[in-house]
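Side chains included, hydrogens not; waters and symmetry mates left out as well; all remaining heavy atoms used. Small disclaimer: the values here were computed from a predicted structure and weren't measured.
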Amino acid sequence: MAYWLVKSEPSVWSWDQQVAKGAKGEAWTGVRNYTARQNLVAMKKGDKAFFYHSNEGKEIVGIAEVIKEAYPDPTDKTEKFVCVDIKADKPLKTPVTMVAIKAEKKLADMALVKYSRLSVQPVTAEEWKLVCKMGGI
């Protein structure tokens, strides 16, 4: 299993909206960055992803699961980009803020810190364990 982080502004798509979709999940559409596209293509069914509220909140609020691997993004008229389907798995007991992540020296190399604008990013197993611990899981 691989670990990822997906970002969304809560005013556009929030954790609560993701949770409301239930087991059928939702397509993670709208990604228009080639590095993020490569990350979507690499995602496999069953992989886990942190759900990060960007701009407003700036915190990891939950864990999602990939339920359908990459397929053409129906919102992309150029037909160059892909999406995956994800479903909410569980919320973090305590959201993990960007401030807390930056304060943790062991997370200094995390993609979220180094490539903060990248909307879909890999997370190492060590980073995953530490953030989960910080979030009360």
Side-chain angles (χ1 to χ4, degrees):
M1 179 189 325
Y3 300 106
W4 306 93
L5 182 141
V6 295
K7 294 172 147 188
S8 181
E9 294 178 30
S11 62
V12 175
W13 187 255
S14 70
W15 173 250
D16 289 341
Q17 287 171 292
Q18 187 67 53
V19 169
K21 287 292 181 174
K24 71 176 183 143
E26 180 70 10
W28 198 259
T29 60
V31 173
R32 299 296 184 265
N33 172 286
Y34 284 98
T35 302
R37 178 194 183 280
Q38 287 176 275
N39 290 333
L40 287 170
V41 169
M43 289 179 161
K44 300 295 177 212
K45 190 173 179 180
D47 284 357
K48 301 287 187 180
F50 287 131
F51 194 105
Y52 181 83
H53 277 165
S54 61
N55 292 343
E56 309 144 43
K58 294 186 179 179
E59 59 191 2
I60 297 171
V61 294
I63 295 173
E65 180 180 334
V66 176
I67 57 172
K68 184 177 179 183
E69 295 179 12
Y71 60 95
D73 184 335
T75 69
D76 175 31
K77 293 178 180 152
T78 70
E79 300 180 359
K80 293 178 183 175
F81 293 95
V82 299
C83 62
V84 298
D85 288 0
I86 64 170
K87 69 171 185 171
D89 183 21
K90 59 185 159 198
L92 295 185
K93 290 180 182 169
T94 305
V96 179
T97 65
M98 177 63 104
V99 171
I101 290 166
K102 285 184 174 180
E104 174 53 66
K105 290 183 174 102
K106 293 177 185 172
L107 296 175
D109 290 328
M110 189 172 182
L112 185 60
V113 174
K114 294 181 104 176
Y115 312 105
S116 61
R117 294 185 49 87
L118 187 61
S119 62
V120 179
Q121 39 187 257
V123 175
T124 68
E126 295 76 25
E127 292 164 348
W128 184 268
K129 288 176 195 167
L130 183 52
V131 172
C132 283
K133 184 177 178 184
M134 292 167 71
I137 295 178

Which atoms form the tightest heavy-atom contact between [X] and [Y], and what is the distance?
X	Y	result
Ile63	Cys132	CD1-SG, 4.0 Å
Glu56	Pro10	O-CG, 3.3 Å
Asn39	Pro122	ND2-CD, 3.7 Å
Lys24	Ile67	O-CD1, 3.4 Å

Please lay out, stage by stage, how Met134 and Leu107 fare under the test side chain to side chain contact (heavy atoms under 4.5 Å, CB included). CA-CA 11 Å; Met134 292 167 71; Leu107 296 175; 3.9 Å; yes
Under 4.5 Å between side-chain heavy atoms, chaining through other members, with only Ile, Leu, Val, Met, Phe, Trp and Tyr counted: pull out the rest of the cluster around Trp13, sorted by chain and number. Trp4, Val6, Trp15, Val19, Trp28, Val31, Leu40, Val41, Met43, Phe51, Val61, Val66, Val82, Val84, Ile86, Val120
To the nearest 0.5 Å, tell me how far [X] [atom1] sits from [Y] [atom2].
X	Y	atom1	atom2	result
Thr97	Lys58	OG1	NZ	11.0 Å
Phe81	Thr75	CZ	OG1	10.0 Å
Leu118	Thr35	CG	OG1	6.0 Å
Gln121	Leu5	CD	CG	5.0 Å
Lys133	Thr94	NZ	OG1	13.5 Å
His53	Glu9	NE2	CD	10.5 Å

Quick one: list whatever passes ring pair (Phe, Tyr, Trp, His ring centres under 6.0 Å) with Trp128, sequence neighbours left out. Tyr3, Phe50
Using the side chain to side chain contact (heavy atoms under 4.5 Å, CB included) rule, take Leu130 and Glu126 through it: C-alpha gap first, then chi angles, then the decisive distance, then the call. CA-CA 6 Å; Leu130 183 52; Glu126 295 76 25; over 6 Å; no
According to a 4.5 Å side-chain heavy-atom criterion applied to Ile, Leu, Val, Met, Phe, Trp and Tyr, with indirect links allowed, do Met98 and Leu92 form part of one hydrophobic cluster? yes
Between Val113 and Ile60, is there a shared hydrophobic cluster once you connect ILVMFWY residues whose side-chain heavy atoms come closer than 4.5 Å? yes
Can you confirm whether [X] sits close enough to [Y] that some side-chain heavy atom of one is under 4.5 Å from a side-chain heavy atom of the other?
X	Y	answer
Cys83	Tyr71	yes
Ser119	Ser54	no
Pro72	Glu79	no
Lys87	Lys21	no

Carboxylate-amine/guanidinium proximity below 4.0 Å for Asp73 and Arg32: yes
Ignoring hydrogens and angles, tell me if any N or O in the side chain of Glu69 forms a donor-acceptor pair with the backbone of Lys45 under 3.5 Å. yes
Of all pairs that satisfy salt bridge (charged side-chain N to carboxylate O under 4.0 Å, His left out), the ones with a partner from residues 98-125, not counting sequence neighbours: Asp109-Lys114
